[in-house]
Amino acid sequence: MVKITFLDYGAGNIRSLRNALTKVGCDIQDVKSADDIANARILVFPGVGSFGACVENLDRLGYTDALRAYVQAGRCFFGICLGMQCLFESSEETPGVKGLGVIPGKVTQFNDPTISVPHMGWNALRKQTDSEVLAPFTSMQDRFYFVHSFRVLPIEANKDWVLSLTDYGNTDAAFVSSVQKGSVCGCQFHPEKSGANGLNLLSAFLTMAQKESVPITVSVPCEGATVLAKRIIACLDVRENDSGDLVVTKGDQYDVREKGSGEAEGDVRNLGKPVDLARRYSEEGADEITFLNITSFRGDVVDAPMLRVLELTSEHVFVPLCIGGGIRDYTDSKGVLHSALDVASAYFRSGADKVSIGSDAVYAAEKYYAAGNKGDGKSCIEAISRVYGRQAVVISVDPKRVYVASKDESKHTVLEVDGGKLCWWQCTVMGGRETRDMDAFELAQACEALGAGEILLNCIDMDGQNSGFDKALIKQMKASVTIPVIASSGAGKPQHFIDIFKAANPDAGLAAGIFHRKEVGINEVKKEVIGAGIPCRA
């Protein structure tokens, strides 16, 4: 076992990194004082959330000076995502807040209007030196998981730190994706969420860290440009069945009970156990796993079985995990009020990387428009993104088609679908049971303004039909927001993913039932998507 010191300043999901480090043979000791930093042999610093919150917490805990001195002395260090960004001088994310200032440069926001921000998904690296940390990987080929809205540009003053570059967009496309000088390393991506590649990278770092001296690196710049892959996401609708057991189910236009005249009629459709299915999908190549708690368990959320599902899943699944359902203010059985931020924090500590908000996002959007397109700082979207960053907040949009005779018949965005028919997409809440006077695009735009980082776009009409995604809906959504969009509802075969990627250019495609029932394998979908010339993680 390799003894490492782990700096947890109260960030989001650090459970997955702990599990990954344990997986590669680490004995983890937590930092409890500044002296623990000073006495560390190998220090790992994960950063999740916003730059300002990270620096504020380091200052509050009294860690800042000790951390700066440790890194400046060239001692063995690995910073991840925000843990790497903090090594630089400052960030546009929080103007006026200083970083550690060890590496010259400023963390700046992506400014290309043609790309979705956050930069979210699997991208490759262009190695700039021959460091053994990246030795197991091939430039332009091996992919890692990124999720960030801010990045560091390579400049003359920091070029001797740059270990790899990654490209995204057309304007200032190349950004610093990893750094190294001596024993000090950092990466913008998340190795703990990068599957086998991430585990191999952590192992390579630990091998280097145990050597008495670090080999001198030689510049070997790789030219070209990396490409962000389209993601294939497996979704697990989780709920209690009538016996009180947690099961994965799948609805037909949101109805999850069995039909017919047999013994199972009326029972909750049971397609397997959530932890087992998540592990299977990870092994088959899923780029992310999404759990949707479709009954938002009653009672105390902090005691909910879903937390345990996340904990167990994160022990074996090293790709991003998203959890939706129940992300709201609630009062527990003792009469204590818990905020949506409290609920999200519990999910993050249990292994989630993102939370998906449904009905409460609609309510927040209604307040936003009623206030003259202004947030009040109190919505669940604002509260969670302020602490954990925009990338941690997904909005699950559940619209249904409303057909009209002419575009003049509705104040909402009306588009042509299905052989000349006209419709708009009405937002719903409460699992599709109630409708609101708002269309899907209005909802998404309000949520983006409030701080959401991604749209999970469902369509009640297409759900469970296996006839393909709603192309008109998804294409218009991509034109309506600048954050990533996940296409959901309707996938029945690999060609449906190819069709939607080509027709509407969503950032990811999601499916559930066809994977649960083994009608189509995730690896089969990916093989055909790649064969169609669409970038996808193999």
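Heads up: numbering here begins at 1 and tracks the sequence.
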Task: Min side-chain heavy-atom separation Phe88-Val102 under 4.5 Å - done: no
Open item on the list: Once salt bridge (Lys or Arg N to Asp or Glu O under 4.0 Å) is applied, what residue pairs with a partner in residues 425-442 remain, sequence neighbours excluded?
Closed with: Glu366-Arg436, Lys411-Asp437, Glu434-Arg436
Open item on the list: What I want to check is whether the side chains of Lys3 and Gln29 have a donor and an acceptor closer together than 3.5 Å.
Closed with: yes
Open item on the list: One pair to check against salt bridge (Lys or Arg N to Asp or Glu O under 4.0 Å): Arg18 and Asp30. What are the steps and the verdict?
Closed with: CA-CA 10 Å; Arg18 287 181 183 275; Asp30 288 302; 2.6 Å; yes
Open item on the list: Can you see whether Asp59 engages Thr64 through a side-chain donor-acceptor pair at a distance of less than 3.5 angstrom?
Closed with: yes
TODO: May I ask you to decide whether Lys367 forms a salt bridge with Glu382, counting only side-chain N to carboxylate O separations under 4.0 Å?
DONE: no
Open item on the list: Among Phe189, Tyr168, Phe110, exactly one meets ring pair (Phe, Tyr, Trp, His ring centres under 6.0 Å) together with His148. Which residue is that?
Closed with: Phe110
Open item on the list: Tell me if a side-chain donor or acceptor on Ser359 pairs with a main-chain N or O of Met430 at a distance below 3.5 Å.
Closed with: yes
Open item on the list: Treating Arg390 as the side-chain partner and Glu448 as the backbone partner, does any N or O pair qualify as donor plus acceptor under 3.5 Å?
Closed with: yes
TODO: Sequence neighbours left out, what passes ring-ring contact (aromatic ring centres under 6.0 Å, His included) with Phe78? Give chain and number order.
DONE: Phe205
Task: Lys/Arg N to Asp/Glu carboxylate O, Glu288 vs Lys354, below 4.0 Å - done: yes
Open item on the list: Tell me whether the count of non-hydrogen atoms from other residues, nucleotides or ligands lying under 6.0 Å of NZ in Lys478 goes above 12.
Closed with: yes
Task: Shortest non-hydrogen separation from Ile514 to Ala491 and the atoms involved - done: CG2-O, 3.4 Å
TODO: Kindly indicate whether a cation-pi arrangement holds for Arg537 with Trp122, taking the cut-offs as under 6.0 Å to the six-membered ring centre and within 45° of the axis.
DONE: yes
TODO: Using atom types as modelled and distance alone, determine if a side-chain donor or acceptor of Arg151 lies under 3.5 Å from a backbone N or O of Gln109.
DONE: yes
Task: For the student: nearest non-hydrogen atoms of Gly351 and Ser16, plus distance - done: O-OG, 3.8 Å
TODO: Evaluate the side chain to side chain contact (heavy atoms under 4.5 Å, CB included) criterion for residues Val362 and Leu443: first the C-alpha distance (whole Å), next the side-chain angles of each, then the deciding distance (0.1 Å), finally the verdict.
DONE: CA-CA 6 Å; Val362 179; Leu443 170 61; 3.9 Å; yes
Open item on the list: For a side-chain hydrogen bond (donor to acceptor under 3.5 Å, both in side chains) check, start with the C-alpha distance between Ser345 and Tyr388, then their side-chain angles and the critical distance, and finish with the verdict.
Closed with: CA-CA 9 Å; Ser345 297; Tyr388 293 104; 2.7 Å; yes
TODO: Keeping to residues at least two apart or across chains, list the side chain to side chain donor-acceptor pair (under 3.5 Å) pairs with something in residues 80-94.
DONE: Gln85-Gln188
TODO: Would you confirm whether Lys230, through its side chain, and Pro506, through its main-chain N or O, come within 3.5 Å as a donor-acceptor pair?
DONE: yes
- [ ] State whether the side chain of Asn57 and the backbone N or O of Ala53 hold a donor-acceptor pair below 3.5 Å, judged by distance alone.
- [x] yes
Task: Ser194 (side chain) donor-acceptor with Tyr145 (main chain) under 3.5 angstrom - done: yes
TODO: In plain terms, say whether Arg279 and Asp276 are close enough for a salt bridge, that is, a side-chain N and a carboxylate O under 4.0 Å apart.
DONE: no
Task: Shortest non-hydrogen separation from Leu7 to Val31 and the atoms involved - done: CA-CG2, 3.9 Å
Task: Member of Thr428, Asp470, Asp463, Asp398 meeting the side chain to side chain donor-acceptor pair (under 3.5 Å) criterion with Asn458 - done: Asp398
